Amino acid sequence: MATGETVYSVCGMCSVRCPIQVEKRNGEAAWIMGNPHSALKGGLCARGAAGIALEKDTERPSTPLIRVGERGEGKWREATWEEALDYVADKLKAITAEHGNRSVLWSDRGGPFVDLHQSFMRGLGSPNYCNHDASCARNVQHAAQSVLGIGRKMVSYDFRNAKHIILQTRNILEAINVAECNAVMDALGKGCKLSVIDIRANVSASKADNFFMVRPGTDYAFNLAIINELITKKLYKAEYVEKFVNGLEELTAFTAPYTAAWAAGETGIPAERIEAFARELAEAAPNVIWHPGWMVARYNDSFNVCRTAYIINALLGSVGVKGGLPLVNTPKDVGKKGLTKLVDLFPKPEEKRADGVGWKHPQFDGGPGLVNLAYDAIVSGDPYPVKAYLCFRHDPLMAMPDPEALKKKWEGLDLLVSITFSWSDTAWHSDVVLPLSTYLSRESIIASKSGPKPQFFVRHRAMQPTVNSKADWEILCGLAARLADSHPGMEKLAFKSMEEIWEYQLQNTGLTMQDFAAKGFVELVDAPVVREVESFPTPSGKLEMVSGKWAKAGIDSLKPYASPAHPPQGMFRIAFGRVGVHTQGHTVNNPLLNEQMSENVAWIHESRAKEIGIADGDMVEVFSAGTNSSAGTMRAFVTECIHPEALFMVHGFGHRLPVESRAIGKGVADQELMPGGLEVWDRSGGGLSLQEHFVGIRKA
Ligand SMILES: Nc1nc2c(c(=O)[nH]1)N[C@H]1C(S)=C(S)[C@@H](COP(=O)(O)OP(=O)(O)OC[C@H]3O[C@@H](n4cnc5c(=O)[nH]c(N)nc54)[C@H](O)[C@@H]3O)O[C@H]1N2
Ligand SMILES: Nc1nc2c(c(=O)[nH]1)N[C@H]1C(S)=C(S)[C@@H](COP(=O)(O)OP(=O)(O)OC[C@H]3O[C@@H](n4cnc5c(=O)[nH]c(N)nc54)[C@H](O)[C@@H]3O)O[C@H]1N2
Ligand code: SF4
Ligand SMILES: [Mo]
């Protein structure tokens, strides 16, 4: 175990941010494991273990770069940090002088460390802070807000005490959160049932008691039929519903036509199986977790799929309950003071958001907005011009559909900056690349995590950067110092050291950094607190089957079901997802992880492969059904474990950058198969509808 020096820190290989323990030798990180004081109990996923390979990887930006050729041409001049920060600050001054502070857009990867970035944007005076979530979990977030009146992270999943876990569009054993994986495996070991609703048999399905392979895009039909069964057969928790549910009558009337027999025709799941499943759920209630999903930027009715997931939990009495979805606690809920926020250094800009969130779209969460709609303002100048775009830890050219269309939208930008620890399509297309230190060689602001036991946790620097990179606080405080003359007040964010920031954050908590020494985090209570629910912060004070807020915005939160189109003759619906050994697109070139999986494959059903004359392992060309444009070639994986209408691939492959020798030319990029996809999004939930696209394949 612990030899040399031990540093408690936070993994940064994906958005989960697991607590880690890093062992140092000769001043360098030599070994990473899960923080043994945490729920990880020492465990880590493969990606987390590959962090040292990332730090040592020479194929990443190693010094600030300023573009000298055309955007995307890959011609750069190397700059010192002084030069690069001066350059960005001067550009920001010129742009804000001409177009106003609101012309600056920031997009981020949401999570526990964003306070600093939000503060920077407030200091600049721009309301246009966004994150990646329009292409991830916005539909779940808004569904939670519409039913529960709180965000999705304000309830937790008490897997360990559950009797039945339902995963719908959620592959918990491959799309990994280590603590959740451990909890689910422990629960299954104790006899908890698992049901998986998916379009293919994934690893989670291999452990399931029930597996429902639905026709792609019909999850809403499945859920409506479950609700119909629970209501008509009186399988719901009557006492709980009486107390906490508003709108049961409307829900009953609305779901009346959506019987199990009807849903069988839509989903392909026999009515008897749906009926039996509803009975099983009732037997386990209220210790049921119907997971509302995570990556649900998939269909035009994904918001309603997530809503009905919450509604099913409500009918089964599991919202706010042990063994279900208990409410999490903030520091305040357990009688403690929270961190002092960096955003509070500045007043909230009064300007309305460029993406229309909060005014044109009053029902959506103004926090991170919808970045895809902000891009439209670059093109149209409506409601005002957006001229500078700072991308932090975000690669929209890979994460958003139709990268060529997105590049066109960005043509109106006078400044595009990427702050990143690895190469990405967006960095390559930027005007300035600011290399961010990896999570092993940077520290971060203290983060606050709500939960049964709320806590503060901190990322420590485990080693010095091996390239000329900087931590985010160094970059932003450096820019803030340079902007103080044009943007009075910015000097408040020009902290000189991380210690100063930590001290600022802790000022009201009674804690010091010494308190983090023993474990790397500080728990604010000794034992988990399950708060008794009295009411929910919705307009009705109850769980809303019909959302008052959405109704006010003119949106029908019980949207009538519309059957998804079948793919055109010979075509497939595109589907995508994660794999255990990679994170999105940015680990494919990691030396260790590339060895584990260097290319993605096209999952297709054996009946369809036979039709087209393709055998397992054949190289196939994948093209977009609408435009016939090819996204390149990949290997076919012919299987009976996928729905015949779907073609599935793991996201993140098909890299084209010459600077990534291990990833270039391997596999296919799903985002290139979504022409016009930036305009296709769920109007009720705000998420992009990335699977509303069809593709074809031919032998290469
Ligand atoms: N077509 C299609 N589009 C998708 C998806 C899909 O499956 N298919 N998935 C969607 C989902 S779920 C999401 S969350 C988004 C993700 O979209 P992004 O948030 O863009 O995804 P990442 O690859 O995590 O991007 C992080 C980028 O920041 C850089 N980076 C810098 N510092 C850090 C750090 O400390 N940690 C990490 N992890 N990265 C850092 C990485 O090198 C990488 O280039 O994409 C979405 N878009
Ligand atoms: N290893 C790893 N873990 C990760 C990440 C990662 O990149 N790598 N990223 C993290 C992030 S940002 C996110 S958002 C989460 C995502 O976590 P998840 O949302 O659980 O992950 P995905 O693999 O995108 O999708 C889950 C499942 O949805 C299925 N699916 C596709 N279409 C349909 C459909 O129409 N109906 C149904 N019922 N199922 C469908 C896919 O086959 C897949 O098995 O994972 C997180 N954890
Ligand atoms: S799930 Fe894996 S990659 Fe993500 S933060 Fe945890 S250890 Fe790191
Ligand atoms: Mo995500």
Side-chain angles (χ1 to χ4, degrees), residues 10-17 45-47 54 60-61 107-111 113 131-137 140 167-177 180 196-205 212-219 222 267 291 293-299 302 305 391-402 418-427 435-440 442 444 459 472 564 573-589 603 642-643 646 648-652 669-674 677 688 690-691 693:
V10 181
C11 182
M13 289 296 273
C14 85
S15 51
V16 173
R17 281 100 168 179
C45 86
R47 300 164 297 149
L54 166 72
R60 57 191 180 101
S107 75
D108 212 320
R109 182 60 123 84
F113 302 116
N131 73 18
H132 72 290
D133 213 35
S135 65
C136 180
V140 200
L167 302 177
Q168 179 173 39
T169 328
R170 176 74 184 95
N171 184 7
I172 216 159
L173 299 181
E174 288 181 275
I176 296 173
N177 167 324
E180 282 192 355
V196 171
I197 307 159
D198 209 287
I199 53 123
R200 71 189 172 110
N202 55 25
V203 171
S204 305
F212 301 102
M213 195 194 285
V214 292
R215 177 163 94 84
T218 64
D219 290 272
F222 190 89
T267 60
H291 201 295
W294 189 351
M295 198 304 170
V296 288
R298 295 187 194 261
Y299 297 101
S302 286
V305 177
C391 272
F392 179 90
R393 208 199 141 153
H394 186 205
D395 180 9
L397 288 179
M398 182 160 292
M400 294 280 164
D402 198 346
S418 186
I419 305 169
T420 176
F421 67 25
S422 65
W423 275 113
S424 69
D425 293 346
T426 303
L436 180 68
S437 298
T438 73
Y439 62 92
L440 290 175
R442 72 175 192 255
S444 298
R459 170 182 284 146
D472 47 354
R573 184 180 287 277
I574 189 153
F576 53 78
R578 314 311 92 233
V579 68
V581 297
H582 282 296
T583 300
Q584 309 290 349
H586 78 78
T587 57
V588 173
N589 201 52
W603 290 50
I642 184 165
H643 193 280
F648 174 91
M649 65 180 77
V650 172
H651 172 63
D670 58 331
Q671 71 274 13
E672 291 179 12
L673 292 160
M674 302 166 179
L688 285 155
L690 301 179
Q691 291 190 177
H693 300 275

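Just so you know, ligand 1 is whichever comes first in the structure, and atom 1 is the first atom listed for that ligand. Just so we're clear, the structure is a prediction, and the values are computed from it rather than from any experiment.
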Exam field: side chain [X] to backbone [Y], donor-acceptor pair closer than 3.5 Å:
X	Y	value
Asp133	Ala137	yes
Thr426	Leu397	yes
Asn202	Ser204	yes
Arg459	Cys11	yes
Asn177	Glu180	yes

For [X], counting its heavy atoms only, list the atoms of ligand 2 lying under 4.0 Å from any of them.
X	answer
Val579	1 (N), 2 (C), 8 (N)
Gly217	35 (O)
Gly580	1 (N)
Arg200	41 (C), 42 (O), 43 (C), 44 (O)
Ile176	1 (N), 2 (C), 3 (N), 4 (C), 47 (N)
Glu174	1 (N), 2 (C), 3 (N)
Ile199	30 (N), 31 (C), 32 (N), 33 (C), 34 (C), 35 (O), 36 (N), 39 (N), 40 (C), 42 (O)

Subject >> Partner residues of Asp472 under the side-chain contact (heavy atoms from CB on, under 4.5 Å) criterion, sequence neighbours left out >> reply: Leu116, His117, Phe392, Leu436, Arg442

Just by distance, with hydrogens left out, do [X] and [Y] show a side-chain donor and acceptor under 3.5 Å apart?
X	Y	answer
Gln168	Asp219	yes
Thr420	Arg393	no
His586	Ser422	no

Original post:
Just checking, Arg573 and Tyr299: is the charged tip under 6.0 Å from the six-membered ring centre and within 45° of the axis?
Top reply: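 Relative to the ring axis of Tyr299, which defines the angle, Arg573 lies outside at least one limit.
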
Original post:
Heavy atom under 4.0 Å from ligand 2: found in Asn202's side chain, backbone, both, or neither?
Top reply: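 The answer is the side chain.
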
Subject >> For ligand 2, the portion of Asp219 having any non-hydrogen atom under 4.0 Å away >> reply: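 Just the side chain.
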
Original post:
With hydrogens left out, which residues have an atom under 4.0 Å from ligand 1, given that only heavy atoms count?
Top reply: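 Around ligand 1, where the cutoff is 4.0 Å for heavy atoms, the contacting residues are Gly12, Met13, Arg109, His132, Ser135, Cys136, Met295, Arg393, His394, Asp395, Ala399, Thr420, Phe421, Ser422, Ser424, Leu436, Arg442, Phe576, Arg578, Gln584, Gly585, His586, His651, Asp670, Gln671, Met674, Leu690.
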
Original post:
Should the ring pair Trp603 and Phe648 be called parallel, tilted or perpendicular, given that the plane angle runs from 0 to 90° and is split at 30 and 60?
Top reply: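 Rings of Trp603 and Phe648: perpendicular, as their planes differ by over 60°.
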
Original post:
Can Tyr299 be said to touch ligand 2, with heavy atoms closer than 4.0 Å?
Top reply: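 True for this residue.
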
Original post:
So is Ile197 polar-close to ligand 2, meaning N/O to N/O under 3.5 Å?
Top reply: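 N/O-N/O distance under 3.5 Å: yes.
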
